[in-house]
Trainee: 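Take this structure, written in structure tokens, and hold onto it; I'll ask about it next.
As the structure lists them, so they are numbered: ligands from 1, and atoms in each ligand from 1. No experiment lies behind these values; they were computed from the predicted model shown. The basis for the numbers below is simple: all heavy atoms, side chains too, and nothing from hydrogens, waters or symmetry mates. Residues: numbered from 1 along the sequence shown.
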Amino acid sequence: MKSNIGVIGLSVMGMNLALNMADNGYKVSIFNRTTSVVDKVMEEHGHENFIPTHSLKEFVDSLEKPRRIFLMVKSGAPVDMLIEQLIPLVDKNDIIIDGGNSYFKDTIRRTKYLKEKEINFLGVGISGGEEGARFGPAIMPGGDKEAYSYLAEIFEKISAKAYGEACCKYLSTDGAGHYVKMVHNGIEYADMQLIAEAYTLLKRVAGFSNEELHNIFEEWNNSELESYLIEITSNILKVKEDNKYLLDIIMDKASQKGTGKWTNLEAIDLGVDISVITAALNGRFMSNLKDERIKGERIIEAKVSKLEDFNIGREEFVGLVKNALYVSKIVSYAQGFKLLSVAEKEYGWDFNFSEIAKIFRGGCIIRAKFLNDISDAFKEEEHIDNLMFTKFFANEINTRLTDLRELVSIAVQSGVAVSAMTSALEYIDTYRTSQSSANMIQAQRDYFGAHTFERTDKEGSYHFDWTASEKN
Ligand code: 6PG
């Protein structure tokens, strides 16, 4: 009997996805470039539905048609190499699926290349880490819709379920799935940075202990902030090793694998402000300048205030941080979805934002209760310019904005950098300013470069001889 699907690449994500499919009753062929890994997997995690294979040909021949070949290898060159090796082995209409964190432009290129050879290619974003892959990830598929119909059942079965619905929905053509996953990761960076800022404010400005912080985050997880990242933050805060809090001895240098950087490069390319996500990326860059920051602390002196100077109690401060975190979180999602809406036009995709929010509700790292509200808001006001303008979120922001403003002001005066929260506030203030300062920019551009400007009192494009009066 032939296998229903095959997985190539048996590292953590690939192996767990294969196990997930096998658990769901599918016969899964498995293959790995270093073939001893196949035997090791069979020894350690062998599943009755696994068919181990030791050459690509044996692997391909073991699959029912149209073949469904899931690549779970490192993004970049390894994907291209594998595709080249598969081309002579597969038949027309077979489907190659890339489930890695691939760059969406590579996915667009590969789709086109394989289409010329009448081979289908799907670019699928998968989120949820090891646990998600094993028991239910969020799945973001992009590519040919008909080819996807051969995968829909498997994907929906293995994916996480939230509120009874599968966290998997066909998104759009070619690179759409990997694009949405990339934006998911950008939002993930922002979410994490915002939580880290809330933590540092509560610790450094108000002096809460780790035990108290654990309780605060636990409480927040029963509110509008309820989410996976808040939950694990609360858990992290109570972990001790040799009687010391593990968090307190973790080096404050954050690493990254690159998807957050892609989101930012892409936003710059499309001219979209995703400042909260950018602040999160910059936060990681700056965190790595540990030695320089140690010097900086000595060299740059700052007169900073303490919480006592603000006439505000500790409990009230917790409330401010909570509201500021929530509003900033809304802004980071608003920026992520704005990027998606611009990308949709740029790359000819057809997104349904309400459905994308639904996919994010379970399995993935950014899963959160308020994604229900995002999904509802986009359903009600599908063509809205910005998530912040929907009735629900405008109200959420309006009732808490003063708190965000007050908190950022306290942070500034306390000398505690909260770049993501500050960026969120500035994004809101920029968005609610009908008269910006760009008239000055346009005047300057026209002054030094005759770049012309539009006027508010009449139509057309104008240049003014700014130096005429100087010449006279
Ligand atoms: C997910 C995550 C995952 C991500 C890593 C780390 O959705 O499961 O986004 O895909 O790659 O968690 O990413 P960084 O190393 O860039 O922080």
Trainee: Taking OH in Y150 as the centre, count heavy atoms belonging to other residues, nucleotides or ligands within less than 6.0 Å. Is the count above 12?
Mentor: no
Trainee: Quick test of your reading: applying salt bridge (charged side-chain N to carboxylate O under 4.0 Å, His left out), list the pairs with at least one residue in residues 167-182, sequence neighbours left out, ordered by first then second residue.
Mentor: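 Of all non-adjacent pairs touching residues 167-182, those that pass salt bridge (charged side-chain N to carboxylate O under 4.0 Å, His left out) are K169-E355.
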Trainee: Can we call the ring centroids of Y326 and W220 under 6.0 Å apart?
Mentor: no
Trainee: Taking the ring of Y333 and the ring of F393, is the distance between their centroids below 6.0 Å?
Mentor: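 No, ring centres 6.0 Å or more apart.
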Trainee: Run the ring-centre check on Y103 versus H178 and record whether the distance is less than 6.0 Å.
Mentor: no
Trainee: Mind jotting down which protein residues get a heavy-atom contact under 4.0 Å with ligand 1? Chain and number order, please.
Mentor: N101, S127, G128, G129, K181, H184, N185, E188, Y189, Q256, K257, G258, R284, I365
Trainee: I want to know whether F155 and Y170 have ring centres closer than 6.0 Å.
Mentor: no
